Protein chains: 2
Amino acid sequence: MAEQSQYEELAQQLSAIGAVKRDLSRILPHDCPAGSTAVLSLLRHHGEMRMSKLAELLAIDMSVTSRHVAHVAERGWIDRQPDPLDKRSRLLSLNPSGEKLLGEISERYVEMLAGTLRDWSDDDLGQLNTLLARLRDSFGDCRSRAHHTLDSTTRTPA
Amino acid sequence: MAEQSQYEELAQQLSAIGAVKRDLSRILPHDCPAGSTAVLSLLRHHGEMRMSKLAELLAIDMSVTSRHVAHVAERGWIDRQPDPLDKRSRLLSLNPSGEKLLGEISERYVEMLAGTLRDWSDDDLGQLNTLLARLRDSFGDCRSRAHHTLDSTTRTPA
DNA sequence: TATTGTTATACTCTATAACTATA
DNA sequence: TATAGTTATAGAGTATAACAATA
């Protein structure tokens with residue numbers, strides 16, 4: 001259990017971290033903004049999936065996800081195959097063109113961060129990444145419970 | 001110096017942390033969105049200041065700052081006194097009404113985070129706050145150098 | 001009847017550029 | 001001429017609600 005003032009500080013830090021996100025997003029290609037990059041990145045990391053799963057991973061509404069996906073599909077960075085199990089769905093997957101783009105974006109990120117975080121040790125950055133992942137988990141768990149979401153990948157007894 | 005893959009991971013963590021920010025912003029009063037809250041919060045923490053200083057602390061353009069400030073001023077949460085040193089400027093300061101609002105917002109943040117971060121220790125949260133502050137510093141320093149900004153609070157020799 | 005996904009609309013946040021007033 | 005701040009406009013991101021097609 002943490003101190004009250006630390007909660008307030010976290011709220012402020014998260015509010016202010018937006019500036020860092022904006023700095024990072026400035027290096028993206030003009031037709032691939034942050035939302036599109038997030039879609040490509042998740043498809044690379046998790047492989048083929050449906051819209052609903054992607055929306056869950058992005059933690060944004062499916063209507064928003066739908067527009068991001070349309071954007072990257074129009075530019076030929078992902079493929080959409082019919083889902084044999086459900087004709088309402090399509091299976092999304094990163095294609096070679098999307099992988100190439102994502103590779104270029106990763107290079108730019110690394111180049112920028114290697115300069116900006118010159119004085120960060122491997123351990124420092126690892127800790128930050130770990131704590132951010134844990135923070136997202138803590139919030140993600142609450143969201144799941146709040147929405148009474150059933151995990152579609154695991155069969156839960158009725 | 002950190003590993004390349006950690007840079008990529010940081011970019012992804014920052015991209016995904018937006019969901020946490022959105023969760024936090026949902027508890028704000030309807031007429032005090034995140035941008036307004038950030039203005040009030042900085043005025044509470046740093047005291048009276050001018051627009052340009054506030055924009056620098058927010059790390060956003062002054063045009064945007066101007067609109068946030070107009071919003072909170074219209075609602076009577078801050079005061080704007082003429083700056084005796086420069087008739088183009090006004091000195092912004094949080095007033096009692098703004099302090100009261102900010103107090104309520106802080107309470108809501110603490111209540112929410114105490115639940116969500118139930119299993120976080122004091123040290124964990126302290127580390128996260130420290131690392132986030134350091135991350136902002138690393139980026140802030142780069143911004144300052146890039147823009148050739150002179151610190152207006154300290155007299156620098158010509 | 002419920003669910004998957006799309007589209008229309010509205011709101012927040014930000015940046016750029018043009019403008020006013022003062023330095 | 002340069003700077004402090006405002007306003008207009010445009011673009012990205014998100015949420016809600018209404019809708020189509022399928023389960």
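To find a chain, count down the sequence lines: A is the first, B the second, and so on, and within it residues start at 1. Remember, predicted model here, so these are calculated numbers, not experimental data.
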Item to complete: Kindly compute the distance separating CG (Leu54(B)) from CG (Leu42(B)), expressed to the nearest 0.5 Å.
Response: 6.0 Å
Item to complete: May I have the distance from Met51(A) (atom CE) to dT7(C) (atom P), rounded to whole angstrom?
Response: 11 Å
Discussion item. Donor-acceptor pair, distance only, cut-off 3.5 Å: does the side chain of Asp83(B) make one with the backbone of Arg88(B)?
Written reply: no
Hey, what are the protein-to-nucleotides 21-23 of chain C N/O distances that come in under 3.5 Å?
unit_1  : atom_1 : unit_2   : atom_2 : d
dT22(C) : O2     : Arg88(B) : NH1    : 3.3
dA23(C) : OP1    : Lys87(B) : N      : 3.0

Discussion item. Using side-chain heavy atoms (C-beta onward) and a distance below 4.5 Å, is Leu131(B) in contact with Trp120(A)?
Written reply: yes
Response to the item:
Residues pairing under side-chain hydrogen bond (donor to acceptor under 3.5 Å, both in side chains) where one sits in residues 23-36 of chain B, two or more places apart or in two chains, turn out to be Arg143(A)-Asp23(B), Asp23(B)-Arg26(B)
Discussion item. Does atom CD (Glu99(B)) have a neighbourhood of more than 12 heavy atoms from anything else shown, all under 6.0 Å?
Written reply: yes
Item to complete: Give, ordered by number, those residues of residues 11-18 of chain A having at least one heavy-atom distance below 4.0 Å to an atom of DNA chain C; if nothing qualifies, reply none.
Response: none
Item to complete: Could you check how far CD1 of Ile78(B) sits from P of dG5(D), rounded to whole Å?
Response: 12 Å
Worksheet item: Do any of residues 29-46 of chain B sit with a heavy atom less than 4.0 Å from DNA chain D, and if so which?
Response: none
Discussion item. Within the 3.5 Å criterion, strictly below it, is a donor on Asp61(B) or Ser63(B) matched to an acceptor on the partner's side chain?
Written reply: yes
Worksheet item: Between the main-chain N or O of Met62(A) and the side-chain N or O of Ser66(A), is there a donor-acceptor pair closer than 3.5 Å?
Response: no
Worksheet item: For Arg134(A), does its backbone N or O pair with a side-chain atom of Ser138(A) as donor and acceptor, under 3.5 Å?
Response: yes
Worksheet item: Would you say Arg50(B) and Leu91(B) make side-chain contact, with heavy atoms under 4.5 Å?
Response: yes
Worksheet item: Would one find a side-chain N or O of Arg26(A) under 4.0 angstrom from OP1 or OP2 of dA15(C)?
Response: yes
Worksheet, complete the sentence: Rounded to whole Å, CG of Asp23(A) lies from P of dT14(C) at a distance of 12 Å
Worksheet entry | Distance, rounded to the nearest Å, where His71(B) contributes NE2 and dC13(C) contributes C1' | 13 Å
Worksheet item: For Ser52(A) and dG5(C), is the shortest distance between a side-chain N/O and OP1 or OP2 below 4.0 Å?
Response: yes
Fill in: Interatomic distance, Leu54(B) CG vs dA4(D) P [rounded to whole Å]
14 Å
Item to complete: Specify the separation, in whole Å, of atom CD of Glu74(B) and atom C1' of dT6(D).
Response: 13 Å
Item to complete: Please work out which residues in residues 57-69 of chain B have a non-hydrogen atom less than 4.0 Å from an atom of DNA chain D and list them by number.
Response: Met62(B), Ser63(B), Ser66(B), Arg67(B)
Response to the item:
With sequence neighbours left out, the residues meeting side chain to side chain contact (heavy atoms under 4.5 Å, CB included) with Ile27(A) are Arg108(A), Tyr109(A), Met112(A)
Item to complete: Looking only at side-chain atoms of Arg50(B), point me to the closest of dG5(D), dT4(C), dT6(D).
Response: dG5(D)
Practice prompt. Would you check if the side chain of Arg22(A) reaches a backbone N or O of Ala59(B) as a donor-acceptor pair within less than 3.5 Å?
Written response: yes
Worksheet item: When you match Arg22(A) and Arg90(A) each to their closest nucleotide on DNA chain C, which lands nearer the 5' end?
Response: Arg90(A)
Item to complete: Taking Ser15(A) for its side chain and Ala11(A) for its backbone only, find out whether a donor-acceptor pair lies under 3.5 Å.
Response: no
